[in-house]
Each structure stands twice: as C-alpha cells, then as structure tokens.
Amino acid sequence: MKKTIALICAILMLTVSVVACTASGKTETSGAIKIGATGPLTGGAAIYGQACANAAQIAVDEINALGGLQFEIRYEDDAHDAEKAVNAYNALKDWGVQVTLGSVTSTPAKATSALNFEDGIFALTPSASNPSVVEGKDNVFQMCFTDPNQGMASARYIANTGLGSKIAVIYKNDEDYSTGIYQTFAAEAKKLNLEIVSTTTFTADSQNDFSVQLSDAQAAGADLIFLPMYYQPASLILAQANQMGYAPKFFGVDGMDGILTMDGFDTTLAEGVMLLTPFNADASDEKTVNFVKKYQEKYGEIPNQFAADAYDCIYAIYQACQNGNVTADMTAQQINEIMKAQFTSMSFDGLTGEKMVWGTDGMVAKDPHGMVIQNGAYVGMD
Amino acid sequence: MEQMKKKLHLGKTNREKVTTFGLVIALYVFVEILQRTGNLSNLMRGQLVPICAYMIMALSLNLTVGILGELSLGHAGFVSIGAFTGVTVASLLRPVVSQNWILFVIALVAGGTLAGIVGFLIGIPVLRLRGDYLAIVTLAFGEIVKSLVNNLYIGFDQNGIHFAFLHDTLNLAEGGKKIIAGPMGATTIPKVSTFLAGVLLVLFCLYFLYRLLGSKMGRAIKAMRDNSIAAESVGINITRYKLTAFTMSAFMAGMGGVLFGLNYSSIIAGKFNVDLSILILVFVVLGGLGNLRGSIIAAGVLTVLPELLRSLRDYRMLAYSIVLIAIMLITNNQILVQWWTQRKKDLKNMFTRLRKSGQGGEG
C-alpha cells in the first residue's frame, strides 16, 4: 500500500520538476546587472550570511538611487554546506546571474569557485578566506585577507606590540578555517620567538565544553590566548574562563567578529577581547559613518566586518563595471573577461581599506587593524 | 494469444522487479530528453548525480536495516571511506589514465572494496551485538571515521605518495600535490561522475539486491531477521550470513560515496557526519523497510524537495520538515490507506465489469 502512495509521490515529484524546469528556462532582462551570491542564511554560520546579504542590499540600493548603472542582487541559502552551495549556485545560474559575490564562507566557496571558473562567471567573495578558494582560478577574487595572512598578521601584531609573553592557542581541528590560521600562526610565532605554551584543540562535536583546554592554558601560565575560530565557540570559552576566574588576554581573528550581536551573549564577557579585522565600525570617516548609520537604521545592529566586506564588494564591482563600460545586456562570460582585466589593474578605496589592489592570484593586499572590545563596541587599538 | 498472456503473467516479485527497473530507466530517459532539448534547469542538472548517489546509499542501508533487520547509524562512515578512497585513487591516477570512465570504474572498485573490507572488519566484533547496542556502536564507528579522515593528510610528488596523521608533515617536493589535507578535505578532485554512470550503478545495486533476495542466502537472511533463534535451530550459520550482508552493504555504500565524491570539486570529512547517516536512514524508513523501490523514490524525492522549495526563501526548511512529517503520517494512516485500497478495488471491479459487458455486447 505504501508503495502506491510512494509511486504517487514520485509522479508528483516528476511533474513538479518539469514545472520547475520550464519555469526557470527563461531569463528576462530587466536592464539591471544581476549579481548573485550564496551564503549561510540559515544554520550555525547565519550571522555571516545575513550580514553580507544585508550590506550588499544597502550598497545596491545606494547605487541604484544614483541612476545610471543598475544592479539587482540575490542571495541564495547554502547553510554553510558545499553540496547545498552547488545547488544554490545552480539556482543562481537559472536566474541568469551575470556577476557573483561567490560564497560567504570557505567550505562552500571552495565548491562554488571551481564552478565559477568552469563556467566563466566572475566571483568576488567578501569573506571566504581560505587560499584554496582562489588558487588556480583566474576569475575568483577575495575581498578579505586569506587565512595564512591572518595567522601571520596576528603573530606579528602580538610580537610587535608585546601583548603576551606566554601564549596559548585553542583551535578547531576539524575546520579548515581554524586549522589554516593556526598553522601559519604557529609557523610565524616560531620565527618571531613567541613562546606558545599550550596548544589544544576541539571539534564540532566537542565545542560545548572548554574546561580541559582552559585548564591546560591556565596550568601552563599563559597570559594570552589566541582564538582562531568563529564566534560561537569563542563565546563559550569567554564564559567558561570567566567562571574559572581565569582572565588572560584574548586575541581573535575576523571570525570573532559578530560576537557582540550574538543572541543571548553577555557582552560584558567580551570586554577587553582583541581581534584583528580590517573594519572598524566606529571609525570617523564619512563612508564608515554613513554605512553604519544606514545599517543600524535598517537592521537594528552594528555591522560587522563581513557586512563591510560585502558592501565593498558591490562597490568594487560597480567601479570595475563603470571603468570597463559593462552593460546589462552583456553575457556573464563577456563581463567575466572585463572584470578580470579591471580587478588586476584597478585600485579601490572602501570601508575595509584604502588603495586595495588585487594580484593575479585573486588575493587582496590590505592592512588589518587591531581592535579591542570596550563597553560593548569595537574600538581601534591604534 | 493465450500463451502470450501466460508469458506476460509475472509473479508478484517479478512484477515488482520490472516496475522498479522500469521506473529508474523511465526516469533516466525522461531526464535525458529534457537535457537534450535544453529544458532542464541548472539546479536540476546539478542534482542528478547526487540523487543517484543517495539512492545507492539508501539501497545499501536498506540491506542492513530492512533486509538484515539491524539498525545501523554509522552508514555515513562507509560512504566517507568510499568517497575519500575513490578521490585519492582518482587523483593519483589522473596523470596516467586519460579516459574518464576508466578512471571512474577504477576509483569505484577501489572505494567499494576498501569500504567492504572495513565493513567486514568492523562487522566481526560489532555484529555480536543486537538492537540498540548495535545502533550505538555503529554511531560511534561513523564518528571515528570522521575524526580519522579529519586528521589524515595524503599527498604525492615525484618521490611517491606521502601520508601524515594529525599534523601536516607531508613535506612535499616542488610540484607535489596534496590530495587530502585534514579538515580542509580533498580539493581539486577530478570530476568524473556522470548521470549515466550513476543510473547504471543504481541499476546494478538493484539487480544485485533482487538477486540476493531471491537466493538461498537472501532467504536465510530474512529468516534470521524474522526469528534468529528459529533460523539458527534449522542450521543457518547466523554469523556468516550477517557478516556477508553487512560487508555487501558497506561495499555498496562505498560505491555510493565514490559517485558522490567524484561529483564535486572538493569534499570535507565533516560532510559525512551523523546527519548524513540519519538522512539515509530517513530515506530507508520513509520508503519502507526492505522495500527497494521505496528507498529509491524516497531518496529521489527528499533530495529534490528542499531545492524545489527554494522559492519559499526563509521558510524553506520549515516547509521541508512539514512535508516530511506529512508524508510519514499519510503513508502510515490506516484510514487513508484503507480508503485508498477500497478505491483501487472499486476501480478494478469497474474495469472487469466494463470488459465483461463489452464482451457480452460482442457475443
């Protein structure tokens, strides 16, 4: 009996997919350049995806209000999963995407960037920082700095400013982002004679309790803990260290960004936490003030670095489109060629840096800023 | 005429076999026509191979859960072993083998075999357990595989293949290539899986399982499932049959993994987690325990469904879970099932009456 019903379901599926096929076959031209992107709009990494989608929307609205070149932006959910990201990317292709902002996080971005390269569709990812996202693909560019860059910059920053003498590292050894930063951090720390007294790890399944790692760091007498990870585990580490009465300095990377907007997190715990990020939401330059104000009005929170990166991406594409005389009736492949030429030759001023330039390897050159959390807000350290 | 009718009159199992094979082939032809005429969306095209891979995983788990009757929650472990073995083999042989399909077949055999061997080795201690205990041990097995692959580094250069564990100490020479890089997984995989290969593999698994079910061994396995004490008392070697079935299940899961892995440019060990094991189990349970056709349909529908719901934007996963619950409830609702059986009977009676009256008119 169940079989019959299952058969009916199968037939239904077939008809629905036929409908879906025919519906998506046509792509109408609206006179606007279609920019697509995939990001985690749901799931554990949703703060990043939503920040990017929100900020990109603000940038697109601003550009469209200027008249002239028009943009249309669409974010598809990839739930921070490579398989779903490929589906999301294909859905964007069905929509008729002409330029993409790649994927927000690294694991999906590795999968979609390979497709971007195969299909000849340009990608500028705001925040997928793994080097393998851009490796060997001449039309995939990054707006953020890469994981090795972050690890290296963090080690140098700690060494130059003398923040800590005995360093502990806790990293997530089943995640490419965390492991990638740790490896270059450890290598650079060795060169700079920074003393790493404790190195402990955790995985996605064991990120609910950090007492072992923290005790290890405490026993080794660490006065600074380096946390190359996303904000959820970091928030727990901060809370548990507080309970233990252990108060070293904490130093994070760009994944730490977003900790202040996390639901249910006591922001006083993050007081004094340092992180390396290219964006400072309380900078006083006109661009940043304007962006932060708009973001707050529209979405009710202070934008993080991911939002700023996505905002910059749209403007960088806008600049390249204008310089390369891109029009909405060009194919994705034509735009791809123009973009490649523009991005390797232009210099871009945005929220996350002045005079950014890209190499032919797709990586951006810009300086990270040290930030510290004070009174529930990010403040520049220098 | 009478003779032909007799020939066409198939037994119940045969009819099921034919309709199942027919369903898969019809689906293939249908999709192929859509693709040739350019009517298939990119979204659907990208899902063809994963659908086949999920079908194979569901079929293989159905052998353990439905036919053998042992609950396994670590099936993703075998899939993972198959996928990473296949990817490694394919990456190593890429410079030597230029034909895509040869590369695929070699990777397929390698991935399936290693998964089968591991299944056999795991099966020796594990199959002494039953029910909940077995479920928990297999769950742990899946996690162990995930952790191992997460810490595994494999690369090759002109000096040969290098292995490392826990830390990236491969020290590859100039021009060397990392195949598996711990948590970063495998990147730059040769994408050699095709839809045709996937469909053929599904057909192979179906053929294999139907043959198994009809054989002496299949009957023994089913007897064990229904009453292991009775089966043992008539001289069925329980351990041997259990182990064989478990190994075959692992072998097929490994092949499904190869098909899946070689379809993407990069895969990570974290993908093959307990969520995937549960997903495959959902396919099997939804399709019906021991029902091969059901597994295929459930795997197909549940893979496509979340993507078809993309237009719902933020409510997508909510709608997906509601549909899932609805299907579970509807297919298990006695009243609905009875109502449907009755309608079917009515329909059948109507046809016979029509035919009879037609014949009467002629006479």
Side-chain angles (χ1 to χ4, degrees), chain A residues 1-10 12-14 16-25 41-43 76-77 79 81-84 86-94 106-107 110-115 117-119 130 132 135-136 172-180 183 203-205, chain B residues 16 19 23 27 30 34 38-47 50 143 146-147 150-151 166 168 181-185 187-188 191 264-271 273 286-288 291 293-294 297-298 300-301 304-308 310 313-314 316-317 327 330-332 336-337 340-341 344:
Chain A
M1 194 54 253
K2 281 181 202 165
K3 290 174 207 162
T4 333
I5 292 170
L7 253 175
I8 293 170
C9 289
L12 265 177
M13 175 195 97
L14 277 179
V16 173
S17 57
V18 174
V19 174
C21 299
T22 42
S24 56
L41 303 179
T42 59
E76 285 286 351
D77 184 21
D81 176 271
E83 185 193 349
K84 295 196 183 89
V86 169
N87 292 337
Y89 172 86
N90 284 330
L92 288 173
K93 258 168 74 183
D94 289 330
S106 286
T107 307
K110 278 193 286 185
T112 54
S113 63
L115 295 173
F117 181 62
E118 267 172 41
D119 297 333
N130 197 286
S132 58
E135 247 164 32
K172 190 172 178 181
N173 70 345
D174 66 345
E175 185 182 79
D176 47 6
Y177 171 74
S178 195
T179 317
Q183 283 169 354
T203 65
D205 304 310
Chain B
E16 196 199 313
T19 41
L23 185 75
L27 205 68
F30 179 73
L34 278 183
N39 277 320
L40 199 62
S41 66
N42 288 307
L43 182 59
M44 282 297 139
R45 198 171 302 164
Q47 289 218 287
E143 290 302 301
K146 194 179 86 184
S147 295
N150 248 330
N151 288 298
L166 284 177
D168 186 5
M184 295 180 210
T187 40
T188 60
K191 286 161 74 171
Y264 292 101
S265 58
S266 64
I267 51 168
I268 55 167
K271 173 78 203 169
N273 55 5
L286 198 66
N291 180 350
R293 192 204 299 155
I297 294 171
V301 173
V304 174
L305 195 61
E307 297 308 323
L308 289 182
R310 260 186 195 281
R313 317 299 299 174
D314 290 354
R316 185 162 71 104
M317 288 329 278
I327 296 178
I330 291 169
T331 50
N332 283 302
L336 272 177
V337 169
W340 179 249
T341 333
K344 227 172 64 165

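If you're wondering where the values come from, they're calculated on a predicted model, not measured in any experiment. Side chains are part of it too, since the values below use all heavy atoms of this structure and drop only hydrogens, waters and symmetry mates.
- Residue A:Glu76 touches chain B through both its backbone and its side chain, counting heavy-atom pairs closer than 4.5 Å.
- Chain B forms the most heavy-atom pairs under 4.5 Å with one residue out of A:Asn173, A:Leu92, A:Leu41, A:Thr107, and that residue is A:Asn173.
- B:Asn273 does not touch chain A: none of its heavy atoms, backbone or side chain, sits under 4.5 Å away.
- Using modelled atom types, no side-chain atom of B:Asn150 and backbone atom of B:Ala269 make a donor-acceptor pair closer than 3.5 Å.
- When each of B:Arg316, B:Gln47, B:Glu307, B:Arg310 is scored by its heavy-atom pairs under 4.5 Å with chain A, the top score falls to B:Arg310.
- A distance of 7.5 Å separates CD in A:Glu135 from OG1 in B:Thr187, rounded to the nearest 0.5 Å.
- Results of the side-chain hydrogen bond (donor to acceptor under 3.5 Å, both in side chains) test with B:Asn42 over A:Asn87, A:Asp94, A:Asn90 single out A:Asp94 as the only residue that passes.
- With a 4.5 Å cut-off on non-hydrogen atoms, A:Glu83 touches chain B through its backbone and its side chain both.
- In this structure, B:Ser265 contributes its side chain and B:Thr188 its backbone to no donor-acceptor pair below 3.5 Å.
- Within the 4.5 angstrom heavy-atom criterion, atoms from both the backbone and the side chain of A:Ala88 approach chain B.
- Put simply, the side chain of B:Pro183 does not reach to within 4.5 Å of the side chain of A:Tyr177, judged on heavy atoms.
- Ranked by heavy-atom pairs under 4.5 Å with chain B, the first of A:Thr203, A:Thr42, A:Asn130, A:Asp205 is A:Asp205.
- In this structure, the portions of A:Ala111 lying under 4.5 Å from any heavy atom of chain B include both its backbone and its side chain.
- Looking at A:Leu115, the atoms closer than 4.5 Å to chain B (heavy atoms on both sides) all sit in the side chain, from C-beta outward.
- Annotation: side chain of A:Lys172 is not in contact with side chain of A:Thr179 (no heavy-atom distance under 4.5 Å).
- The shortest distance between side-chain heavy atoms of B:Ile268 and B:Met184 does not fall below 4.5 Å.
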